[in-house]
Amino acid sequence: MNENRIRRRLRVTVLFIVGVAIILLIGSVAGGTYLSNMLQQLTYDGIQSEVDEYAVRIQDQINTELQILNTFSTVFEESEDLDDETLGQKLKKAKLHNQFTMLAYFDASKNGTVAINQGIKILHNVPLMSMPDEVQTVVEESLKGRETVSWLFKSKDSKETVFAYGIPVMRGNNVEGVLVANDDMKAFSDMLDGDWILQDSGYIHMVSSNGEYLIRSDRSVVTEAEESIFVQPYFDKEELVDVQTALAAGENYSFSFSYEGETYQAILRPVGINNWYLFCISNLQENNVFVYHMIRMITILFVSVIILILLILGVGYRQIYVTGKELLSVAYHDQLTGISNLIYFRREVFNRLKIKNSGSSGSIAILNLHNFKYINDLFGKEKADQLLCHIAEILKEYLKEGCLICRDTADYFYIFMPESDKEILRNKLQKIIDDVIQISKHLGSNYRLSPYCGVIIAEDEGQEVDVEYLLTHVMFALETARENFADSIYFYDVGVSSQNKMINYIESHMHQALEDGEFHLYLQPKVNLRTDTLAGAEALVRWIKKDGEMIYPSDFIPLFEKNGFCIRLDMHMVELVCQQIREWLDEGIDPIPISVNQSKLLFYEADYIENLSLLMDVYRVPPQLITLEILEGLVVENIEELNEKITRLKEKGFKISMDDFGTGYSSLNTLGKLKIDELKLDRGFLMEITKDESENSKLIMEQVIQLSKSLQISTVVEGVETEENNDMIKKLGSDYGQGYFYSRPVSASEFNEKYMNKS
């Protein structure tokens, strides 16, 4: 479990949820914006449609007025003689039937007759030059044969703002004169001030392209009295240039503006006459109250959901964080002593030593107890656990700043110290050992604890730190310290290049060596002591390289047990044994049973039994010919679990032997609980008897053999090297003997040549 990886995953999860919340927020804002834009577009389309209709109405109104003048012009065109009196009467009559404020006729010489005041007053011989400039322009243009509408101007008679129409009066193909009429803006004002404009949510002005008001609606919300829209609060400085440019070019222009807290949509639409523009304004909120309300409600709903999600996220994150800390505590701490475990220790040591070329250095030590498993047997698990906790407290007291401590399994305590001076390290460790010895009193007896340490110093050599290398080799130092009772602290010598090269070679070539068949089967005979005949053999492994050089088990087996490669190698040896037995069977040779060592790691593999059975099936070998040798270390951990697996193996037909009995911590009581078929007594028994000529040792060995017979367990004594050894174990009642007295381990081919004969 990696704390940083868990935190990264937690951060990724939180960021993902926050991202979803942000996306929802953006979506809600985008949705609201889209609806708002759509609403504005709909409003604009509605305004545009209606303002187009008003523009058409205005044009129709003007066209109507022009049509009236055209009708009047036919009267003048059909008259042969248009003297002043006749012109006056015709104009007076025409004036009575329309709303024109002035009606006049000017001939080609630009003299005219004018009817004003509802036709009551007729003016004759009025020179064109006396008329307003706008009327003069209309007459001049109409004399060219064009219908003309003037700009607005102030009438001297009515004092109203008016504009003039001009219609040419034709005589044949020639322009004989011009019929001119003034009209005020009342019809347009009435048209643009109706209550039904934009469904009563807007109003319309008429303005010139210069922004001046021509007709100003009474309903305008902008109450300032300026004469031009360019000085009203409709445009900011940046937009003013754009609107002036658009109006000068006779183009449509739409925009929105805010006034007194309200938002308005507006359109400037050319009428098509004299650069007149309809200025239409609509209140978005009033026009779409329901839609705006819905948009607001949807936005509030989305924001509320997002806030709820973030609240849930905050609570969830807190719970996950607390739970994560608890899980990390379980993952990185020893549950018995409360100090770190080896996983955390390995990672932290790497972090402290990985900065190379910086003078960083340190050392790793392992503290262990001689015969700790005896303490479990003698004093019970509770006392043993208390002892481990006391040791942890001592380590915490002595090792503080810059140090790391951890407990792996059983009584293995790992220590990292930043020092690399041997004397400083030895003094610190010796104080710890002395204090550990002093806590023997907690066991409640005269039993004396015997701690020992292995140490390795990691110097900064500018190379990538290899923590596994350090941990592997400090274990070698510990094993050396265990065997050396004279000095309880042993420093691993990293300068021994030959040993380092061998270790590096083993670890880097073990997989390829297995594939290339460099691990060979050797067999050592097992002799029946009653008949002095061959009773079986033990399978042993030898690593023979392609160049013929042999690497002995003592060099590679400890490494394989540490790095787990023993699982593959042990199964490979079982397969080689099956191949050998199959060869005997195929050649008609009576096979003998062969014992194969099985490591602890392999024995507890989940599919171990199934894989063994598969090999038996593949090579068609009876399982009764295979004896599986387990080490004594398996026995003391969990007898019930061990017996359950032994029972399953025996049901398949395999025999089970416990190897090296007497080197570890198994008691006779433990032996009685096991369901094994064979017990192998370690060569240490014979060595003790031979060295000390101790009757006690001989008596113990004899009692173990007799107890085994009573339990129907056969016995094998290892390490038989002399005829005296052979005679002694026969007298003690052992069933089988094994050792150099009978034969050293030999290759399978040599074993076959020497011992196996065809029946």
Side-chain angles (χ1 to χ4, degrees), residues 44 47-48 50-59 61-63 65-66 101 131-141 146-156 158-166 182-193 197 202-259 264-282:
Y44 171 78
I47 298 173
Q48 184 69 54
E50 192 155 343
V51 80
D52 287 346
E53 183 178 345
Y54 276 100
V56 171
R57 290 181 184 180
I58 291 172
Q59 290 174 352
Q61 179 68 25
I62 292 174
N63 290 334
E65 301 294 343
L66 288 172
T101 61
M131 300 299 291
D133 292 342
E134 288 78 9
V135 174
Q136 293 182 45
T137 301
V138 167
V139 172
E140 294 288 352
E141 292 297 319
R146 293 192 289 266
E147 295 179 353
T148 309
V149 180
S150 76
W151 290 87
L152 297 178
F153 61 94
K154 185 74 73 173
S155 172
K156 295 179 181 179
S158 64
K159 308 303 181 184
E160 298 289 339
T161 299
V162 297
F163 60 95
Y165 298 105
N182 285 354
D183 199 0
D184 60 25
M185 304 295 287
K186 185 175 185 305
F188 299 143
S189 298
D190 293 341
M191 185 187 301
L192 300 180
D193 250 350
I197 293 175
Y203 54 92
I204 300 177
H205 302 303
M206 185 182 289
V207 298
S208 69
S209 59
N210 295 326
E212 297 176 353
Y213 285 103
L214 302 179
I215 298 174
R216 185 163 183 165
S217 174
D218 294 335
R219 303 172 62 198
S220 175
V221 296
V222 180
T223 58
E224 286 82 349
E226 283 81 359
E227 295 298 325
S228 172
I229 63 173
F230 295 154
V231 294
Q232 298 283 355
Y234 299 120
F235 311 104
D236 54 30
K237 292 182 179 180
E238 291 77 11
E239 192 175 21
L240 187 57
V241 176
D242 294 337
V243 69
Q244 288 175 333
T245 302
L247 267 59
E251 299 172 349
N252 279 14
Y253 191 85
S254 62
F255 63 97
S256 61
F257 67 94
S258 296
Y259 183 73
Y264 298 88
Q265 183 81 11
I267 292 178
L268 283 162
R269 197 269 195 199
V271 176
I273 298 172
N274 290 338
N275 290 331
W276 294 349
Y277 271 83
L278 292 180
F279 183 20
C280 184
I281 300 172
S282 175

### Query
Excluding sequence neighbours, so at least two apart, what forms salt bridge (charged side-chain N to carboxylate O under 4.0 Å, His left out) with Glu212?
none
### Query
Quick one: does Ser282's side chain have a donor or acceptor within less than 3.5 Å of a partner on Gln265's backbone?
no
### Message
Which heavy atom of Phe230 sits nearest to which heavy atom of Ser209, and what is that distance?
### Response
CZ-O, 4.3 Å
### Task
Could you tell me whether the side chain of Ile62 reaches within less than 4.5 Å of the side chain of Tyr165, counting heavy atoms only?
yes
### Task
Examine Tyr259 together with Tyr234 and report whether their ring centres are nearer than 6.0 Å.
no
### Query
Can any side-chain N or O of Tyr277 pair as donor or acceptor with the backbone N or O of Asn210 at less than 3.5 Å?
no
### Query
Roughly how far apart are Ile215 CD1 and Met206 CE, rounded to 0.5 Å?
4.5 Å
#### Entry: Separation between CD1 of Ile267 and SG of Cys280, rounded to the nearest 0.5 Å
6.5 Å
### Message
Before you tell me yes or no, could you show the steps for Val135 and Phe153 under side chain to side chain contact (heavy atoms under 4.5 Å, CB included), namely the whole-Å CA-CA distance, both residues' side-chain angles and the distance that decides it to 0.1 Å?
### Response
CA-CA 9 Å; Val135 174; Phe153 61 94; 3.8 Å; yes
### Query
Between CD of Glu140 and OG1 of Thr148, what distance do you get to the nearest 0.5 Å?
10.5 Å
#### Entry: Taking every non-hydrogen atom, the tightest pair across Gln59 and Gly272
NE2-CA, 4.0 Å
### Query
Quick one: CD1 on Ile273 to CZ on Phe163, what's the gap to the nearest 0.5 Å?
8.0 Å
### Task
Calculate, to the nearest 0.5 Å, the distance between atoms CG and CZ belonging to Leu214 and Phe279 respectively.
12.5 Å
### Task
Please name the pair of heavy atoms, one in Trp151 and one in Glu134, separated by the smallest distance, quoted to 0.1 Å.
O-CG, 3.7 Å
#### Entry: Heavy-atom closest pair, residues Ser208 and Leu247
O-CD2, 4.2 Å
### Query
How far apart are the closest heavy atoms of Ser150 and Val138, and which atoms are they?
CB-CG2, 3.3 Å
### Query
Quick one: do the Gln244 and Tyr253 side chains pair a donor with an acceptor below 3.5 Å?
no
### Query
Is the ring centre of Phe235 less than 6.0 Å from the ring centre of Phe255?
yes
### Message
How long is the straight-line distance from CD of Gln136 back to CE of Met131, given to the nearest 0.5 Å?
### Response
8.5 Å
### Task
Quick one: which residue pairs count as a salt bridge (Lys or Arg N to Asp or Glu O under 4.0 Å) with a foot in residues 266-277, not counting sequence neighbours?
Asp52-Arg269
### Query
Which is it for Val243 and Leu268 under the side chain to side chain contact (heavy atoms under 4.5 Å, CB included) test, yes or no, and what are the steps along the way?
CA-CA 9 Å; Val243 69; Leu268 283 162; 3.6 Å; yes
